[in-house]
Amino acid sequence: MEKLIVGGAARLSGEVNISGSKNSLSAILPAACLMEKNSVFTLRNVPVLSDTECLCGLLAETGFSVEKDDSRKMISVYGEIRNCSLSEDNVGRIRASCLFLGALTAAAGEAKIPFCGGDRIGDRPLDIHISILEKFGVKVYVNQGVFECKAKIFPLQGTTVFLRYPSVGATETAILLAVKAVGETYIYNAACEPEITDMAVALSAMGANITGAGTSVIHIKGVKTLGSLDHEIIPDRIECATYLLAFAVSHGRGSVKNVIPEHNIALLSLLRDIGINLRRHGTSIEIDAANHNYLPIQADALPYPGMPSDIQPLLSALAVLCEGISVIKDTVFVDRFQYVSEYKKMGIDIFRSYNHVYICGPQRIRAAAVIGEDIRTATSLVLAALSADGETIIHGYEHIRRGYEDFDKKMNSLGANMLVL
Ligand code: EPU
């Protein structure tokens, strides 16, 4: 495990630039499988992350060539599918590998993919993805830990799907299956996250016919072919939220740049409500968190435009500093509370009951050695460490590198004191 040493009592100031969205990239890159031979699939503003390497590795396994420019922020994909069977090496590392089930089956009528990996944030079944594949006439078997998909009729036929929950990944699977299916598809109770809209913008630029992305009903008219793409990935709204919260926990002052403020409307509204000054200027958000008397937090993590579940663990670090009882609930991932046991090692009095935590603040945070075994747990511990009374050692920095570009460099440029070992 890689270690991050974080100095306490920090007060951040300055400007930070936000990178491209990890989860948009995960949604868009598998769509390269759907392009015609001789097309070129170019993505810009790609975040430099270990998850990006993994996604590119998955595309390379299917037979595509993936090239990066010197900055590694532009990716170009060429070629065609030569292999519909993915190995466990990359699939086991990220959840988004399950999107290749839809992408490969839509492009070639079949796919074989082992159970996908990803953050351990509780139960993450694929039942909605599977039921969508079946709706499109795909037979799905599980054979020795491998999902095997085979289209009964190929090309696939458009259909109507209703998602029992507005799952982000399952909505992406449905879109991938529908864009080249014969006829029309309606997706009801679709996820509305900005990453879905970004995916639809990219696919539309390739020639797809999609309306309603970003709402709960998406309508798609299948097209025969999809061509080249040149697309800029949207900024990462969770990275933006993380830096806003880093300013907030350190009572700092600064600006977060290259963002789409509307994508963080739930967080901006909450920060204002508890007493933090914010100003939006186009693609920047200025924050002044000099106030030392924050009101307590009441927040429910919900599907977009509600508070993102990814932010829920980070909000708890702020709740420790608020005056009064904060109640934070996660309705999306009801077990995403791996940080609670680590907070206790930092002397934080926090009580969890099913999908809620209760924190009575303000509390003193003590430096300790802790473990973050997924991206947001590890980041939540960093935020708590910023206002601790000494040097905190966080094991699991490799998880932060999965989702945050140059995390230690960006934080140190704002005046934090972080060292990766
Ligand atoms: N669910 C099912 N069955 C399914 C699919 C989902 O029961 O077939 C449940 C999940 O167990 C969960 C809820 O539905 O309780 C929502 O899951 P969703 O499918 O929306 O999440 P996801 O697509 O697996 C993406 C992000 C997550 C983010 C969630 C929620 C990617 C690669 N991952 O996951 O991001 O937390 O949406 O917004 O896009 C992260 O970045 O750290 C991360 C985990």
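Predicted, not measured: the structure shown is a model, and the values here were computed from it. Counting starts at 1 for both ligands and their atoms, following the listed order. Quick note: numbers below take in every heavy atom, side chains included, and nothing from hydrogens, waters or symmetry partners.
Arg124 NH2, 3.9 Å is the protein heavy atom nearest to atom 22 (P) of ligand 1. The nearest protein atom to atom 19 (O) of ligand 1, hydrogens excluded, is given as Ser167 OG, 2.6 Å; this is a heavy-atom distance. Scanning the protein for heavy atoms near atom 43 (C) of ligand 1, the closest one is Asp310 OD1, 3.1 Å. Atom 3 (N) of ligand 1 has as its closest protein heavy atom Asp127 OD1, 2.7 Å. Distance from atom 23 (O) of ligand 1 to its nearest protein heavy atom, with residue and atom name: Gly169 N, 2.8 Å.
At a cut-off of 3.5 Å, with distance as the only test, no side-chain donor of Tyr404 or His399 sits close to an acceptor on the other residue. A donor atom on one side chain and an acceptor atom on the other are found under 3.5 Å apart for Glu405 and Ser19. With hydrogens and angles left out, the side-chain atoms of Asn143 and Glu148 include a donor and acceptor closer than 3.5 Å.
Not one N or O of Pro166 is nearer than 3.5 Å to an N or O of ligand 1, by distance alone.
Between Phe115 and Phe147, the distance from one ring center to the other falls under 6.0 angstrom. The aromatic ring centres of His219 and Tyr188 sit 6.0 Å or more apart.
Residue Tyr243 holds its OH atom at 14.0 Å from OG of Ser255, rounded to the nearest 0.5 Å.
In Leu126, the part holding a heavy atom less than 4.0 Å from any atom of ligand 1 is the backbone. Of all the heavy atoms of Ser309, none lies under 4.0 Å from any atom of ligand 1, so neither backbone nor side chain is involved. Using a 4.0 Å cut-off between heavy atoms, Arg164 contacts ligand 1 through its side chain alone, with no backbone atom that close.
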Determine, step by step, whether Ile175 and Ile220 satisfy the side chain to side chain contact (heavy atoms under 4.5 Å, CB included) criterion, reporting the C-alpha distance in whole Å, the side-chain angles of both residues, the deciding distance to 0.1 Å, and the verdict.
CA-CA 8 Å; Ile175 293 173; Ile220 298 175; 4.1 Å; yes
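The option with the heavy atom closest to atom 41 (O) of ligand 1, from among Glu239, His129, Arg376, is Arg376. Taking each of Ile94, Val168, Leu302, Leu55 in turn, the one with a heavy atom nearest to atom 20 (O) of ligand 1 proves to be Val168.
The Lys22 neighbourhood of ligand 1 comprises atoms 40 (C), 41 (O), with distances under 4.0 Å to a heavy atom of that residue. Distances below 4.0 Å separate heavy atoms of Arg336 from the following atoms of ligand 1: 36 (O), 40 (C), 42 (O), 43 (C), 44 (C). Of all atoms in ligand 1, numbered sequentially from 1 with element shown, those under 4.0 Å from a heavy atom of Val332 are 12 (C), 13 (C), 15 (O), 16 (C).
Shown here is Lys180, whose NZ atom has more than 12 heavy atoms of other residues, nucleotides or ligands within 6.0 Å. Residue Glu88 qualifies as open at atom CD: its count of foreign heavy atoms under 6.0 Å is 12 or below.
Assignment of Glu195 to the shell around ligand 1 is not supported, since no heavy atom sits closer than 4.0 Å. Residue Glu172 places every heavy atom at 4.0 Å or more from ligand 1. Ligand 1 has no atom lying under 4.0 Å from any heavy atom of Pro308.
Tested against Glu53 for a salt bridge (charged side-chain N to carboxylate O under 4.0 Å, His left out), the candidates Lys68, Arg93, Arg401 yield a single pass: Lys68.
Under a 3.5 Å cut-off, the side chain of Ser97 and the backbone N or O of Val91 do form a donor-acceptor pair.
There is no protein heavy atom closer than 4.0 angstrom to atom 9 (C) of ligand 1.
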